[in-house]
**Student:** 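For reference, the structure I am asking about is given below.
Note that the structure is predicted; figures quoted are calculated from it, not measured. All values below come from the heavy atoms of this structure, side chains included, with hydrogens, waters and symmetry mates left out.
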Amino acid sequence: MFGGLQTMWTIVLFDLPTEDIQMKRDYRFFRKFLLESGFTMMQYSVYMRHSSSEENAQVHANRVKLHLPPDGEVRIIKITDKQFGRIEVFYGKKRQSTEKPPDQLSFF
């Protein structure tokens with residue numbers, strides 16, 4: 001089964017200091033790591049990644065934990081695809097639809 005309660009979204013929210021050169025380097029390294037790991041930017045300092053199962057989402061959360069920068073705050077949320085679909089997104093006062101999950105890979 002694909003979708004609904006089986007697939008997950010891993011959302012990484014972070015607030016990292018950028019007061020000196022090393023902190024800015026750590027920020028860029030962490031952001032680059034997220035992008036190279038398949039996360040896409042949801043909005044500034046919020047990145048998301050779709051996973052086929054809860055176990056797969058936990059693997060990605062663990063990978064993020066291994067690459068935490070030395071300073072700042074990082075939060076990881078894992079929600080089902082159904083919960084993700086209930087997110088209300090507003091641009092100004094107009095409501096927009098949420099992002100669609102990626103198409104399932106098919107080899108046959």
**Student:** Where do Ser37 and Arg49 come nearest, in terms of heavy atoms and distance?
**Tutor:** O-NE, 2.7 Å
**Student:** Between atom CZ of Arg31 and atom CD of Glu36, what is the distance when rounded to the nearest 0.5 Å?
**Tutor:**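 Reported to 0.5 Å precision, the distance equals 11.0 Å.
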**Student:** Using links of under 4.5 Å between side-chain heavy atoms of ILVMFWY residues, direct or through other members, which residues join Ile77 in one cluster?
**Tutor:** Trp9, Ile11, Leu13, Met42, Val46, Met48, Ile79, Phe84, Ile87, Val89, Tyr91
**Student:** Check Ser51 against Thr10 and note the closest heavy-atom contact, atom names and distance.
**Tutor:** OG-OG1, 4.1 Å
**Student:** Counting only heavy atoms from other residues, nucleotides and ligands, does the tally under 6.0 Å from CD of Glu54 exceed 12?
**Tutor:** no
**Student:** Rounded to the nearest 0.5 Å, how far apart are CZ of Phe30 and OG of Ser45?
**Tutor:**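 If I round to the nearest 0.5 Å, the distance is 10.0 Å.
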**Student:** Please tell me if the side chains of Phe14 and Tyr47 come closer than 4.5 Å, counting only heavy atoms from C-beta onward.
**Tutor:**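 SC-SC contact between Phe14 and Tyr47 confirmed.
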**Student:** Can you measure from CG (Asp20) to CZ (Arg25) and round to the nearest 0.5 angstrom?
**Tutor:** 9.5 Å
**Student:** What donor-acceptor contacts under 3.5 angstrom involve side-chain atoms of residues 65-76, with partners at least two apart or in another chain?
**Tutor:**
| unit_1 | atom_1 | unit_2 | atom_2 | d |
| --- | --- | --- | --- | --- |
| His67 | ND1 | Arg63 | O | 2.9 |
| Glu73 | OE2 | Arg75 | NE | 2.6 |
| Glu73 | OE2 | Arg75 | NH2 | 2.8 |

**Student:** Should Met8 and Asn56 be marked as a side chain to side chain contact (heavy atoms under 4.5 Å, CB included) after you check the CA-CA gap, both sets of side-chain angles, and the distance that decides it?
**Tutor:** CA-CA 8 Å; Met8 302 288 295; Asn56 187 254; over 6 Å; no
**Student:** Rounded to the nearest 0.5 Å, what's the gap from CG on Asp26 to CZ on Phe33? Could you check?
**Tutor:** 14.0 Å
**Student:** Taking all heavy atoms of Pro17 and all of Met23, pick out the closest pair and write down the distance.
**Tutor:** O-CB, 3.3 Å
**Student:** Specify the closest pair of heavy atoms between Val12 and Phe39, including all atoms of both residues, with the distance to one decimal.
**Tutor:**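 Heavy atoms only, the tightest pair is CG2-CE2, 3.7 Å.
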**Student:** Do Lys24 and Ile21 come close enough that some side-chain heavy atom pair is under 4.5 Å?
**Tutor:**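 A side-chain contact under 4.5 Å is absent here.
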**Student:** Would Asp81 and Gln6 count as a side chain to side chain contact (heavy atoms under 4.5 Å, CB included) here? Give the steps.
**Tutor:** CA-CA 7 Å; Asp81 191 45; Gln6 301 296 320; over 6 Å; no
